[in-house]
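Let me begin by presenting the structure, written as structure tokens, before commenting on it.
Just so you know, residue 1 is the first one in the sequence shown, and it goes up from there. In this text the structure is predicted, and so the values were computed from the model without any measurement.
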Amino acid sequence: MVQSCSDAPDNPNAATSTLLTTPTDSQIYTALGEWLKTVLPAGTGIMQGQQNQTASPIGPFCTMLIVTRRRLATNSCTYTATERIVVEPTELTIQVSVFGSGAGGAASVVQSLWRDFFAADFLTASGGIVAPLYSSDPRQMQFVNGERQYEDAWSVDLKAQVNFTTTLPQQSATKLTVESFVANRPSTQE
């Protein structure tokens with residue numbers, strides 16, 4: 001499948017769902033991007049990965065890309081009068097790649113501070129949708145720019161827990177009325 005930056009064509013036969021799942025990938029990228037702004041050198045551009053028809057920024061930059069999702073436990077459910085709320089604890093792997101001068105040092109700082117209370121406190125204060133777990137060691141990547149020049153590029157995989165919540169419409173009883181009736185039973189005496 002080829003990814004593009006255009007919108008999907010209108011398809012009258014496409015399925016439409018009324019289910020609401022949170023957080024969205026956009027919310028996850030926003031929370032992580034805000035944290036990265038606090039740990040990367042000033043002036044480092046931060047963007048979501050796999051953006052087609054987008055030139056690389058001038059100067060150092062960073063990309064974020066969700067690369068795996070792994071279920072951590074069985075779903076849990078809660079109920080309201082009109083909904084069933086399903087929570088799926090999930091481990092996400094987010095590849096953070098840093099490009100440009102000083103990329104190796106920047107990737108090391110990201111890796112180091114991901115396991116620090118600084119990341120946990122920051123992400124909790126930002127809504128708590130992402131909780132840091134652990135990370136891989138930084139690794140150097142081959143990166144050749146449009147001018148066929150090698151550039152400094154490093155990558156680190158951040159592991160995070162995200163509890164995805166899906167809200168389903170469901171009817172439920174909020175009140176139960178019990179009535180008792182006297183039953184006419186035949187005598188069991190002989």
Side-chain angles (χ1 to χ4, degrees), residues 1-8 20-73 87-116 118-120 122-166:
M1 174 190 264
V2 176
Q3 294 185 359
S4 72
C5 63
S6 62
D7 293 328
L20 174 64
T21 300
T22 59
T24 63
D25 286 356
S26 178
Q27 291 169 319
I28 294 166
Y29 283 124
T30 298
L32 182 59
E34 291 300 317
W35 178 77
L36 286 169
K37 285 180 188 178
T38 67
V39 299
L40 290 172
T44 301
I46 300 170
M47 65 180 68
Q48 181 180 332
Q50 291 185 327
Q51 297 292 322
N52 288 331
Q53 299 178 4
T54 303
S56 297
I58 296 173
F61 68 98
C62 166
T63 62
M64 309 171 287
L65 180 62
I66 298 172
V67 293
T68 65
R69 295 174 188 251
R70 184 177 69 90
R71 177 187 293 274
L72 291 173
V87 178
E88 177 192 359
T90 304
E91 177 188 84
L92 294 185
T93 303
I94 305 138
Q95 181 180 347
V96 175
S97 302
V98 186
F99 302 87
S101 179
S108 291
V109 169
V110 168
Q111 183 260 347
S112 174
L113 293 179
W114 186 248
R115 286 292 307 260
D116 190 77
F118 174 74
F122 182 92
L123 292 166
T124 298
S126 298
I129 63 172
V130 177
L133 294 175
Y134 59 96
S135 69
S136 69
D137 293 329
R139 61 194 172 277
Q140 190 173 32
M141 307 182 310
Q142 178 178 331
F143 179 67
V144 179
N145 65 20
E147 290 76 33
R148 299 188 180 268
Q149 300 294 309
Y150 287 99
E151 290 194 27
D152 199 13
W154 286 75
S155 178
V156 62
D157 291 342
L158 304 180
K159 301 287 187 168
Q161 181 172 340
V162 175
N163 293 327
F164 288 99
T165 302
T166 303

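Scanning for side chain to side chain donor-acceptor pair (under 3.5 Å) contacts around Trp114 gives an empty result, with sequence neighbours left out. In this structure Gln140 satisfies the side chain to side chain contact (heavy atoms under 4.5 Å, CB included) test together with Asp152, Trp154, sequence neighbours excluded. Evaluation of the side chain to side chain donor-acceptor pair (under 3.5 Å) rule for Ser101 yields no partner, not counting sequence neighbours. For Arg71, the salt bridge (Lys or Arg N to Asp or Glu O under 4.0 Å) criterion is met by Glu88, not counting sequence neighbours. Among residues two or more places apart in sequence or in another chain, the side chain to side chain contact (heavy atoms under 4.5 Å, CB included) test is passed with Val156 by Val96, Val110, Gln111, Ser135, Ser136, Leu158. Residues satisfying the side chain to side chain contact (heavy atoms under 4.5 Å, CB included) criterion with Leu72, sequence neighbours excluded, are Arg70, Pro89, Glu91, Gln161. Under the rule for a side chain to side chain contact (heavy atoms under 4.5 Å, CB included), the partners of Asp25 that lie at least two apart in sequence or sit in another chain are Ile28, Tyr29, Ile66, Arg69.
A heavy-atom distance below 4.5 Å is not found between the side chains of Val130 and Trp35.
Residue pairs meeting the salt bridge (charged side-chain N to carboxylate O under 4.0 Å, His left out) criterion with at least one member in residues 125-142, sequence neighbours excluded: Arg139-Asp157. Applying the salt bridge (charged side-chain N to carboxylate O under 4.0 Å, His left out) test to residues at least two apart or on different chains, none of the pairs has a partner in residues 51-63. For residues 34-45, the salt bridge (charged side-chain N to carboxylate O under 4.0 Å, His left out) pairs, not counting sequence neighbours, are Glu34-Lys37. Applying the ring-ring contact (aromatic ring centres under 6.0 Å, His included) rule to pairs touching residues 89-109 yields Phe61-Phe99, Phe99-Phe143, sequence neighbours excluded. Counting only residues at least two apart or on different chains, no salt bridge (charged side-chain N to carboxylate O under 4.0 Å, His left out) pair has a member in residues 48-64.
Taking all atoms of both residues into account, the shortest heavy-atom contact from Pro23 to Val162 is CG-CG1, 3.6 Å. Of all heavy-atom pairs spanning Leu133 and Ala160, the tightest one is CD1-C, 3.7 Å. Residues Cys62 and Leu36 share a closest heavy-atom pair of SG-CD1, 4.0 Å. A pairwise comparison of heavy atoms in Leu113 and Ala119 identifies O-CB, 3.3 Å as the closest pair.
Note that OG1 of Thr93 is 6.5 Å distant from OH of Tyr134, once rounded to the nearest 0.5 Å. The line from OG1 of Thr166 to CG of Leu20 is 8.0 Å long, rounded to the nearest 0.5 Å. Separating the CG atom in Leu32 from the CD atom in Gln48 is a distance of 11.0 Å, to the nearest 0.5 Å.
Of the possible polar contacts, none joining the Ser112 side chain to the Ser108 backbone as a donor-acceptor pair under 3.5 Å is found.
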